[in-house]
Amino acid sequence: MDTMFNKKLALVFVFAASVFLVMNNNGVEASHNIYSRLQNAAAVEVKQLHRTGYHFQPPKHWINDPNAPMYFNGIYHLFYQYNPKGAVWGNIVWAHSVSKDLINWEALPPAIFPSKPFDINGTWSGSATILPGNKPIILYTGLDADKRQIQNYAIPANYSDPYLREWIKPDDNPIVVPSQEMNSSQFRDPTTAWWHNGHWRILVGGKRKHRGMAWLYRSIDFKYWVKAKHPLHSAPETGMWECPDFFPLALNGRSGVDTSKVGEDVKHILKVSLDETRYEYYTLGKYFPAKDRYVPDNTSVDGRAGLRLDYGNFYASKTFFDPSKNRRILWGWANESDAADDDKAKGWAGVQTIPRVVWLSPDGKQVVQWPIKELETLRGLKVDMNNQNVEQGQHVEVKEITAAQADVEVTFSLGSLDKAEEFDPNWANLDSQTVCSLRRSDIPGGVGPFGLLTLASQNLDEFTPVFFRVFKTKENKHKVLMCSDAKSSSLRPFNEKLYRPSFAGFVDVDLSANKKISLRSLIDHSVVESFGAGGKTCITSRVYPTLAINDAAHLFVFNNGTEPVTVQTLTAWSMNAPQQMNQNLEF
Ligand code: DQQ
């Protein structure tokens, strides 16, 4: 009886705690917190500890949203929100880097920064569109003298410069302003434009009362824009929609399609970043171009109960179509788990995730993601582990590689699923993260928990487990939970404001067919990006170990379920650092 009561009490507590966290931005640093004391505090020292080895990261200071990723004449461009003066959000400019392979980068001077009446108080996020005649154009949010959020355009000063170093912001800006009845402090982040039947269209994120809005604008010439009578889509009780992204994915195959593609062979995705939770959600649905309406499928819902591209530290993401390789690529900002004062002490904050190719699952019910192929050029020393049986309580080390900077791919093969533990009906209304916090990696189960212990110290005083746990529901169906749990990632005292969530997402797989499930983790000092079941569920964790650093970091395979699991194949690579040119450029 007592245990029952305690269980219920624990559940109520966890539920209340998760409501509290959702109401309070989940503890993830918001991009718009103003730290007036810190935002102009230049890094005195840039601490190398925890800096990533192969993720995109400038040499110092704060970064947030990836902006206007694009491919132009053989070169990839990545712009991103950057504070040139400090390691917390503020003084935002559009930093600019170029690459031939999305892995090795060359830094250029900032492309866009506050200088004109229409952006004097801020140059915030936006997107690129390649206009006919192969002419790139950027749309971005400017904050004008009254701090109104308005949409501006910028064009290259010299189209024949292969790096498009310099960008001009013509004086006929702004091109889209909020109308009287709109909230001008919640109106930002224009999308890549798409073309249909004589008009360009863009979305701008916003909110009306507490309703999240994807405002729709149309233009014939890209300069004169008219607001459509209806937003493309909106949803109640979701708050401000930041960084909307609207794009088609082919119904068959993995090839990407141009943003303007419509028709029966594609499905559309609308992704929004919810300012209130600092997480992103997407729906899949049908776009009706004649009416300019988007209707989500009944398999995907708007808002906090919706699907997520990544269930971890991942925000303000953006996709672009890469015509050179016929694929759609997703970039996201892996935001910090550290507190602002720690960021200041480190001299840096934020990284971009490894670019991922995105496509539609064959059943059309979700987006699938996988790190771009080019990442494999960084793979160095390789080790294998095959047909390794892992019994309950066992953890087997993957030796020899640099475990703090590695890429690991593993396929687990499971025995009988009969022993899968019951999915407590009380959990039905909890989100995946809360379920993971109740069933962490050290709590024994039936089938699982099994997976990887990443960034682990030798004696497991610290570790970030990335694992699966198989449940059986009342209806005798299997439900697979994937977790990337930061709770034990650091020995730093809990009163230090380090965010250590038990990130998790359910995985839509039918294990009964072949009883196999795969996992890939990109481990990079303070980032662990994981791809479950071939990229169906993705989770990024930002972690700050104190022991499991550099050569003292270890990688293990583990199983805490009564049923043994077999590592059918595992390959792990030490990862080399990419080339990053001009990293000392002062801006
Ligand atoms: N970050 C930008 C905004 C956007 C937010 C400002 C999302 O444009 O809404 O740095 O992180």
Side-chain angles (χ1 to χ4, degrees), residues 25-26 28-35 38-39 58 61-69 78-96 110-114 118-128 138-144 147-154 174 176 178 182-192 202-207 212-215 238-245 271-281 309-310 313-319 330-336 340 343 349-353 540 542:
N25 291 349
N26 292 301
V28 180
E29 271 182 14
S31 58
H32 302 144
N33 279 350
I34 312 285
Y35 301 97
L38 296 180
Q39 65 177 346
H61 293 157
W62 164 275
I63 76 170
N64 56 297
D65 320 355
N67 289 154
L78 177 68
F79 305 84
Y80 57 96
Q81 299 274 286
Y82 179 66
N83 180 358
K85 297 187 180 155
V88 299
W89 187 85
N91 310 304
I92 293 293
V93 301
W94 277 49
H96 183 194
I112 300 176
F113 43 86
F118 50 79
D119 66 10
I120 198 66
N121 278 306
T123 50
W124 289 10
S125 287
S127 310
I138 282 173
L139 297 181
Y140 70 97
T141 298
L143 270 71
D144 69 5
K147 298 214 169 132
R148 278 189 324 158
Q149 295 174 8
I150 56 181
Q151 318 313 320
N152 301 318
Y153 75 102
V176 174
M182 285 164 69
N183 183 342
S184 63
S185 66
Q186 306 287 347
F187 180 61
R188 55 184 179 269
D189 310 335
T191 61
T192 294
I202 53 164
L203 299 179
V204 181
K207 81 167 175 181
M213 310 290 286
W215 300 109
T238 48
M240 173 64 192
W241 284 6
E242 297 188 311
C243 300
D245 194 18
K271 185 277 306 181
V272 297
S273 308
L274 291 196
D275 195 19
E276 286 185 0
T277 65
R278 308 306 292 173
Y279 294 141
E280 324 195 288
Y281 304 83
L309 291 172
D310 190 303
N313 292 91
F314 188 87
Y315 198 69
S317 72
K318 198 174 284 300
T319 63
L330 167 75
W331 280 96
W333 164 40
N335 43 14
E336 277 302 328
D343 294 341
V351 303
Q352 305 295 356
T353 54
T540 299
R542 296 296 319 279

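Start at 1 and go down the list; that is how both ligands and their atoms are numbered. Positions are given from 1, in the same order as the sequence printed here.
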Colleague: Would you check the N or O atoms of Asp189, main chain and side chain alike, for any that come under 3.5 Å of an N or O of ligand 1?
Modeller: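 It does: an N or O of Asp189 is found under 3.5 Å from an N or O of ligand 1.
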Colleague: Does ligand 1 have any atom sitting under 4.0 Å from a heavy atom of Arg278?
Modeller: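 Within the 4.0 Å threshold, so yes.
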Colleague: Just say parallel, tilted or perpendicular for the rings of Tyr82 and His61, cut-offs at 30° and 60°.
Modeller: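 Correct class here is tilted.
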Colleague: What part of Thr141, side chain, backbone, both or neither, has a heavy atom within less than 4.0 angstrom of ligand 1?
Modeller: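 The answer is neither; Thr141 stays 4.0 Å or more away.
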Colleague: Quick test of your reading of the model: are Glu242 and Arg278 salt-bridged, counting only N-O distances below 4.0 Å?
Modeller: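 A salt bridge is present here (some side-chain N lies under 4.0 Å from a carboxylate O).
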Colleague: Quiz question: by atom type and distance under 3.5 Å, do the side chains of Ser125 and Asn67 form a donor-acceptor pair?
Modeller: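 Yes, a side-chain donor-acceptor pair sits under 3.5 Å.
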Colleague: Is the His96 ring parallel, tilted or perpendicular to the Phe79 ring (thresholds 30°, 60°)?
Modeller: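 Taking Phe79 first and then His96, their aromatic rings lie parallel (interplane angle under 30°).
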Colleague: If you look at every heavy atom in Met240 and Phe187, which pair is closest and at what distance?
Modeller: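 Smallest interatomic distance, heavy atoms only, reads CE-N, 4.1 Å.
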Colleague: Looking only at N/O atoms, are Gln81 and ligand 1 under 3.5 Å apart anywhere?
Modeller: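 The answer is yes, given that Gln81 and ligand 1 share an N or O pair closer than 3.5 Å.
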Colleague: Do you know the tightest heavy-atom contact between Thr191 and Pro244?
Modeller: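 That closest heavy-atom pairing would be CG2-O, 3.3 Å.
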Colleague: Using a strict 4.0 Å cut-off to heavy atoms of Tyr315, name the atoms of ligand 1 that fall inside it.
Modeller: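 Close to Tyr315: 7 (C), 11 (O).
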Colleague: Measure from atom 5 (C) of ligand 1 to every heavy atom in Asn67, Asp65, Asn83, Thr123 and give the option owning the shortest one.
Modeller: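 Minimum heavy-atom distance to atom 5 (C) of ligand 1 goes to Asp65.
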Colleague: Looking only at distances, can you tell me whether any N or O atom of Asn64, backbone or side chain, sits closer than 3.5 Å to an N or O atom of ligand 1?
Modeller: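 Yes, Asn64 has an N/O under 3.5 Å of an N/O on ligand 1.
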